[in-house]
2 protein chains.
Amino acid sequence: MSAAQMQSLDCSDCPIRHRAVCSRCEADELEALNVIKYYRSFQAGQPVIWSGDQMTFVGSVVSGIATLTQTMEDGRTQMVGLLLPSDFVGRPGRSGAAYNVVATTDVVMCCFRKKPFEELMVRTPHIAQRLLEMTLDELDAAREWMLVLGRKTAREKIASLMSILARRNASLGPELGPEPGPEEMPGAVSFDLKLTREAMADYLGLTLETVSRQITALKKAGVIRLEGKRHVIVPDMRRLIEEAGDDSDGGLVD
Amino acid sequence: MSAAQMQSLDCSDCPIRHRAVCSRCEADELEALNVIKYYRSFQAGQPVIWSGDQMTFVGSVVSGIATLTQTMEDGRTQMVGLLLPSDFVGRPGRSGAAYNVVATTDVVMCCFRKKPFEELMVRTPHIAQRLLEMTLDELDAAREWMLVLGRKTAREKIASLMSILARRNASLGPELGPEPGPEEMPGAVSFDLKLTREAMADYLGLTLETVSRQITALKKAGVIRLEGKRHVIVPDMRRLIEEAGDDSDGGLVD
DNA sequence: CGTCAGCCTTGACACAGATCAACCCGAGGT
DNA sequence: ACCTCGGGTTGATCTGTGTCAAGGCTGACG
């Protein structure tokens, strides 16, 4: 979300310099990061961590999408975060996980063993600062989402989700960002929602039926078009943002 | 919420050592903190900062209650945070405020000018670490609240709010914590909700009428009792927590 | 090629909570 | 003593989503 976060996306292909964690570190610290780092991959649907588990690592998503969810005993679940490539997972200083982390597509994560990472953090102010930065971004996102959950209608919720996904996909693709839609539609944006209707429902505090209905409603209204079930084309972003009832024009002010 | 945060409540009377910000600092750093610190007070209803304003300070609440809110153009508002004594306000490293901060009771804040505070932070790892700690706590609270907003019924929402207020009041009072209820009721907890029904509604994503109705419902069910409009007596905390449908038994796991 | 399992859509109906409206109550102010 | 005003309660009705149920589409697999 923040400018700082957007600069450091070159982690997606996780080069020697692990910029998602700290884009300002010097060679030495980066070297140290590399020493304690390893990769893990998860298949779609597989849990990464279960709430309450002991955390043995922190890390960031390299590719794929994972979700952060909470569940009540009776099964009601709420997604509390969406982890896209470059997002950080883990809470240095905390021992247990507070949420379930589940891979919704195949996911590759770049992990650091927690202990050495924390030690490195103490020695390296840049990393601690970067982490504070990222945590503040997450906090902003969570609070923005509270407005969505508490006050928006189903239709506005869907539109909000769509515009967030469009925007985030924009900051992802290898340069292309949001691929320009079919050329007959200049200015159009298109992207894949890589979530099932149910996952969207859990994110938005709705049922999957309502999600489905509102998506078709937006389609009928011409705000979006669908190719298959998952590929969305937005002919006019402003129109979508307006449907989201959003005051914040997109990115958070920084 | 976290153990670390609870230890440092002696800020409430804001002594020489500013422990809410860093309970582990040495004399020198604390001295530095004191040099750049000043107090501000706000009357009930008065805005502390308006979203988008330039932030010139950071600080923490010494007494009273303030709220963090977001508003849409059409007036719908959602409270995204509740600031009780010892809570931190401000985002080191960010220039603009992201939310409206309003004093809902008379409030005294202990402020640090932003620039020197940030400089101090860079020099003093303890403070940066403490701040990360506090931000993670806020993030946890925000995400817990997302579950409340997205998936709980009106009644569960009210119960959740009540138990949070009871719990937070507990960690506040000068030693007494949650005053033991009237002596005929051992084990009872009582506290003041210092919010109007409307403020509660904004926090819970409800209307004030629904809040009112659900409070009377809980009263009729014997889960709570009221003294006047604002003073709540909880004969049996477990009962209330159960009404909140809460898996988390109260404090977050740390 | 048929069948099966996931995922999605659509319809009919129920209900929690919003909306609109009237009224209550207690604290100041004159 | 009276008025006023902000906050709170309560009732009647409306409506957006949830719930339950049926059916469609597509891709994997025998």
Side-chain angles (χ1 to χ4, degrees), chain A residues 43-46 72 74-78 102 104-105 148-162 192-221 224-232 243 245, chain B residues 43-46 65 67 72 74-78 102 104-105 148-162 192-221 224-232 243 245:
Chain A
Q43 291 176 351
Q46 201 184 348
M72 299 168 60
D74 63 4
R76 281 178 281 178
T77 82
Q78 174 65 49
V102 180
T104 53
T105 65
V148 172
L149 291 172
R151 292 302 186 193
K152 292 197 178 177
T153 65
R155 179 153 177 173
E156 289 169 331
K157 285 178 176 184
I158 297 287
S160 299
L161 179 58
M162 296 268 174
D192 264 355
L193 10 114
K194 299 189 184 89
L195 299 169
T196 65
R197 306 286 130 125
E198 190 182 18
M200 292 188 243
D202 284 343
Y203 202 14
L204 296 166
L206 297 170
T207 59
L208 66 93
E209 292 95 331
T210 302
V211 170
S212 179
R213 280 188 247 269
Q214 295 304 333
I215 287 179
T216 50
L218 285 178
K219 202 170 56 182
K220 280 186 184 144
I224 59 174
R225 260 182 305 149
L226 286 189
E227 235 159 52
K229 306 278 185 195
R230 303 282 187 90
H231 193 77
V232 180
E243 287 285 349
Chain B
Q43 292 175 352
Q46 201 182 348
I65 298 192
T67 61
M72 299 167 62
D74 62 5
R76 282 178 281 177
T77 83
Q78 174 67 48
V102 181
T104 53
T105 64
V148 172
L149 290 173
R151 291 304 184 192
K152 292 196 177 176
T153 65
R155 180 152 175 173
E156 290 169 330
K157 285 178 175 182
I158 297 287
S160 299
L161 179 58
M162 296 266 173
D192 265 355
L193 10 115
K194 298 189 185 93
L195 300 169
T196 64
R197 306 290 186 241
E198 190 182 19
M200 293 188 244
D202 283 344
Y203 202 14
L204 296 166
L206 298 170
T207 60
L208 65 93
E209 292 95 329
T210 301
V211 170
S212 180
R213 279 188 247 270
Q214 295 302 334
I215 288 179
T216 51
L218 286 177
K219 201 168 58 180
K220 279 185 186 144
I224 59 173
R225 261 183 302 149
L226 285 188
E227 234 161 52
K229 306 280 183 191
R230 302 283 186 92
H231 193 77
V232 180
E243 287 284 351

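As the structure is a prediction and not an experimental result, all values here were calculated from the model. Here is the naming used below: chain letters follow the sequence lines, and residue numbers restart at 1 for every chain.
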*Asks:* Looking at A:Ser212, does any N or O in its side chain come under 4.0 Å of the phosphate oxygens OP1/OP2 on C:dT10?
*Replies:*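 Negative; the distance criterion is not met.
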*Asks:* Measuring to OP1 and OP2 of D:dG8, would you say a side-chain N or O of B:Arg230 lies under 4.0 angstrom away?
*Replies:*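 B:Arg230 to D:dG8 OP1/OP2: side-chain N or O found under 4.0 Å.
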*Asks:* Students often get this wrong, so: under 4.0 angstrom with heavy atoms, is B:Gly228 touching a base, only sugar-phosphate, or nothing?
*Replies:*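 Here B:Gly228 touches no strand at all.
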*Asks:* Give one of base, sugar-phosphate or nothing for B:Leu206, where a contact means two heavy atoms less than 4.0 Å apart.
*Replies:*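 Sugar-phosphate: the residue B:Leu206, judged by heavy atoms under 4.0 Å, touches backbone atoms but no base.
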*Asks:* Rounded to whole angstroms, how far apart are CZ on A:Arg76 and P on D:dT19?
*Replies:*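 Value for this atom pair: 9 Å.
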*Asks:* Using whole Å, report how far CG of B:Leu149 lies from P of C:dA16.
*Replies:*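 Rounded to the whole Å, the gap is 20 Å.
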*Asks:* CG of B:Leu226 versus C1' of D:dG7: gap in Å, rounded?
*Replies:*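 Answer to the nearest Å: 14 Å.
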*Asks:* Give the rounded distance in Å between these two atoms: CG of B:Asp202 and C1' of C:dA18.
*Replies:*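 Rounding to the nearest Å, CG of B:Asp202 and C1' of C:dA18 are 14 Å apart.
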*Asks:* Which whole-number value in Å describes the distance from B:Arg155 CZ to C:dC15 P?
*Replies:*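 Answer to the nearest Å: 17 Å.
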*Asks:* Reading DNA chain C from 5' onward, which residue's closest nucleotide shows up sooner: A:Arg213 or A:Thr196?
*Replies:*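 Its nucleotide being nearer the 5' end, the pick is A:Thr196.
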*Asks:* Separation of B:Gln214 atom CD from C:dA16 atom C1', in whole Å?
*Replies:*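 Nearest whole value for this atom pair: 9 Å.
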*Asks:* What's the closest nucleotide to the B:Thr210 side chain, out of C:dG17, C:dC20, D:dT17?
*Replies:*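 Comparing C:dG17, C:dC20, D:dT17 against the side chain of B:Thr210, the answer is C:dG17.
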*Asks:* Between B:Lys194 and B:Thr104, do the side chains contain an N or O donor and an N or O acceptor separated by less than 3.5 Å?
*Replies:*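 No.
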*Asks:* Determine: side-chain N/O of A:Arg197 to OP1/OP2 of C:dT9, distance under 4.0 Å, yes or no.
*Replies:*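 True: A:Arg197 side-chain N/O within range (under 4.0 Å) of C:dT9 OP1/OP2.
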*Asks:* Using a 4.5 Å cut-off on heavy atoms from C-beta on, say whether the side chain of B:Gln78 contacts that of B:Met72.
*Replies:*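 No, too far: nothing below the 4.5 Å cut-off.
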*Asks:* Quick check on C:dA18: is either OP1 or OP2 less than 4.0 Å from any side-chain nitrogen or oxygen of B:Thr207?
*Replies:*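 For B:Thr207, the contact criterion (side-chain N or O under 4.0 Å from OP1 or OP2 of C:dA18) is met.
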*Asks:* Are the side chains of A:Ile215 and A:Met200 in contact, using a 4.5 Å heavy-atom criterion?
*Replies:*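 Side-chain contact under 4.5 Å: yes.
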*Asks:* In whole angstrom, what separates B:Glu209's CD from D:dT10's P?
*Replies:*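 Those two atoms, CD and P, are 13 Å apart.
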*Asks:* Whole-Å distance between C:dG17 P and A:Lys152 NZ?
*Replies:*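 Taking NZ of A:Lys152 and P of C:dG17, I get 22 Å after rounding.
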*Asks:* Measuring only between side-chain heavy atoms, which start at C-beta, is A:Met162 closer than 4.5 Å to A:Ile224?
*Replies:*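 Side-chain contact under 4.5 Å: yes.
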*Asks:* So that I can tick it off, tell me whether A:Arg76 and B:Glu156 are bridged by a salt bridge, with the cut-off set at under 4.0 angstrom between side-chain N and carboxylate O.
*Replies:*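 Yes.
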*Asks:* Given C:dA12, D:dT17, C:dC8, which nucleotide is nearest the side-chain atoms of A:Lys229?
*Replies:*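 For A:Lys229, the side-chain atoms sit closest to C:dC8.
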